[in-house]
Amino acid sequence: MSLITAENISVSLGRTPILKDINFSVETGETLAIVGETGCGKSLLCKTLLNILPQSLSVNGNIWFNIADKKRINILSSGEQILKTIRGKEIGMVFQDAFASLNPVIKCGKQISDVLAVKSKTDHRTKKSRIFSLLEIVGLADVTRIYNLYPHQLSGGMQQRMALAIALAGNPRLLIADEPSSSLDSIAQKQYLDLLNRLKHAINLTLILVTHDLDEAFAFADKMLVLYAGYTAEYGNTVDIRTAPAHPYTKALLDIYQAFRENRQPTPLPGEIPSLGNPPAGCRFHPRCYRVQPACAEQAPPKKDLSGRHYTWCFNPIE
Amino acid sequence: MQFNSPPLLEVKDLCISYRKGGISSSIKGPVCAVKGVSFSVKPGETYAIVGESGSGKTSIAMSVIGFLRPLTGTIFFMNKNIWELDRSGLRRLRSNIQPVFQNSGASLNPRMSAGKIISEAFHAIVDEHEKEKALIDLLRSVGLDREILRRFPHELSGGQKQRLNIARALALKPRLIILDEPLSSQDLSTRAQLIHLLSSFKKAYLLSYILISHNLSLVRLISDRIAIMKQGVFIEEGATEQIINNPSNNYTKVLIEASNIKNVKTG
């Protein structure tokens with residue numbers, strides 16, 4: 001049984017759909033990469049998974065999360081009492097801006113200690129040794145010094161590791177990482193991704209990794225969900241998507257990615273990402289698509305099953 | 001690039017230091033951010049400065065633009081020592097050196113429409129009709145529609161904001177543009193658009209760029225020479241392909257490896 005399954009997730013602001021009919025499932029130990037460009041709804045989808053969206057947004061669909069004893073709950077229809085036992089304990093989250101997610105006036109050790117106090121009742125000595133071990137797990141050296149530092153005294157890479165330590169404090173089975181390395185320089189980025197990869201295997205962590213970097217997705221993910229302007233363009237096995245992209249948008253992204261790797265000038269996509277408040281009718285990608293057909297401008301594209309583990313939403317997919 | 005022409009910009013023995021931080025700073029005494037850096041940029045050349053966060057890249061840029069007085073060293077731009085210029089001289093200089101910063105949103109005034117932001121750069125043109133024509137031509141050259149003129153920065157995408165920044169920098173017809181991590185916060189398709197733009201402007205206007213980045217794979221595409229910077233000093237400098245293919249310093253090798261995440265071991 002999947003650890004988490006999203007069924008027909010739609011989020012809208014008034015009558016404006018922001019996310020539309022998103023479906024995916026993640027098995028225990030698997031990694032799903034949610035890929036897409038700024039404004040496509042990646043972060044919104046992560047918040048939906050934890051049911052922490054602002055009340056101004058309306059959500060439809062189901063998010064099934066598998067808890068102990070083969071029982072599963074629907075995160076979107078559960079009450080706050082149940083959600084408190086899920087957030088942090090069952091599902092941990094690391095946000096893009098680590099510094100903003102840390103409390104600037106509380107020392108690092110105390111911040112982890114506060115999470116431990118909520119998630120499990122232990123004595124002070126056990127708690128302190130658990131904090132030290134968490135700091136070591138995320139690769140922070142000199143843990144006794146870090147314990148007494150404030151977030152602003154850490155580098156960007158260390159702040160991101162601190163945020164990860166907090167997310168891991170409740171021993172979550174699922175970790176959602178929302179662009180965790182995009183604000184880091186390339187050396188810190190590589191070190192962080194290596195750490196995440198090590199942890200994933202060491203503690204059999206199930207991971208939902210949000211990224212706009214295809215290198216990250218290819219290096220980590222078993223499955224990929226490619227979003228464009230709030231709609232799913234393509235979903236499936238990473239190897240299938242990488243070797244045989246079916247949606248023209250995925251293909252365009254892969255061409256740019258390949259050009260960068262081969263030190264060639266990439267060919268830019270024509271036009272702009274549509275505004276979510278005023279999207280084009282039909283397929284949202286059609287004004288930029290080189291395989292556009294008359295039907296693309298009239299109705300939302302249908303789901304096409306390509307191999308039983310690879311799907312695209314397109315009238316004229318690449319075959 | 002004009003190989004035999006004299007350098008447009010010549011920086012010699014640049015040292016930049018900051019006084020110690022605020023009340024919570026654990027650092028005592030001045031912090032030496034840049035130590036004895038020398039380099040030159042020729043007309044039409046793209047010179048990249050690559051290094052990790054905090055290595056002093058942006059401090060050099062700030063000093064070259066005239067925002068940050070160096071402790072010692074000289075910066076000659078078009079044969080003038082910029083730190084010996086008076087206010088009006090510095091103002092003239094700034095029309096020839098324009099910056100484009102990483103955070104495309106933060107460098108645009110949120111209370112001004114895109115049209116107002118760009119038209120500020122055209123204050124020398126008195127005729128309104130002529131000004132509007134120049135403005136629309138400029139927008140078109142960066143791939144923006146005139147419809148954008150009425151919009152405010154928060155109504156633009158990240159790529160549109162960065163193109164607006166580039167348009168503003170180009171408006172004064174500068175000789176040198178300092179690009180401080182212009183692509184690092186952009187998406188893949190926006191990066192492709194911006195690289196395409198920057199390359200075409202370089203050829204069309206014989207522009208020089210100083211490109212600041214931490215990502216060697218992006219720098220490689222548009223730069224002629226690269227300097228690798230660590231803890232305030234240049235540890236390696238040379239032609240782009242020479243640095244990428246035959247790095248002599250271990251840190252450069254680490255940077256090359258880190259810029260290519262395909263090396264992350266899976267499984």
Can you confirm whether [X] is buried at [atom1], in the sense that more than 12 heavy atoms of other residues, nucleotides or ligands lie under 6.0 Å from that atom?
X	atom1	result
A:R264	CZ	yes
B:Y205	OH	no
B:K116	NZ	no
A:K42	NZ	yes

State, with a plain yes or no, whether a side-chain heavy atom of [X] is found less than 4.5 Å away from one of [Y].
X	Y	value
A:S186	B:L216	no
A:I187	B:Y251	yes
B:L197	A:P268	no
A:P266	B:H196	no

### Task
Name the region of A:L184, side chain, backbone, both or neither, that has any atom closer than 4.5 Å to a heavy atom of chain B.
backbone
### Summary
Shortest non-hydrogen pair, A:G271 vs B:Q193, comes out as O-NE2, 3.1 Å
#### Entry: Shortest non-hydrogen contact between B:A258 and A:K190, atoms and distance
CA-CD, 3.6 Å
#### Entry: From CA spacing to verdict: side-chain hydrogen bond (donor to acceptor under 3.5 Å, both in side chains), B:S53, A:D185
CA-CA 6 Å; B:S53 303; A:D185 69 44; 3.1 Å; yes
#### Entry: Pairwise distance CG(B:L188) to OH(A:Y257) - rounded to 0.5 angstrom
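Those atoms lie 9.5 Å apart.
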### Query
How many angstroms lie between atom CG of B:D187 and atom CG of A:L269, to the nearest 0.5 angstrom?
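These two atoms lie 11.0 Å from each other.
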### Task
Determine whether the side chains of A:E37 and B:S189 contain a donor N or O and an acceptor N or O closer than 3.5 Å.
yes
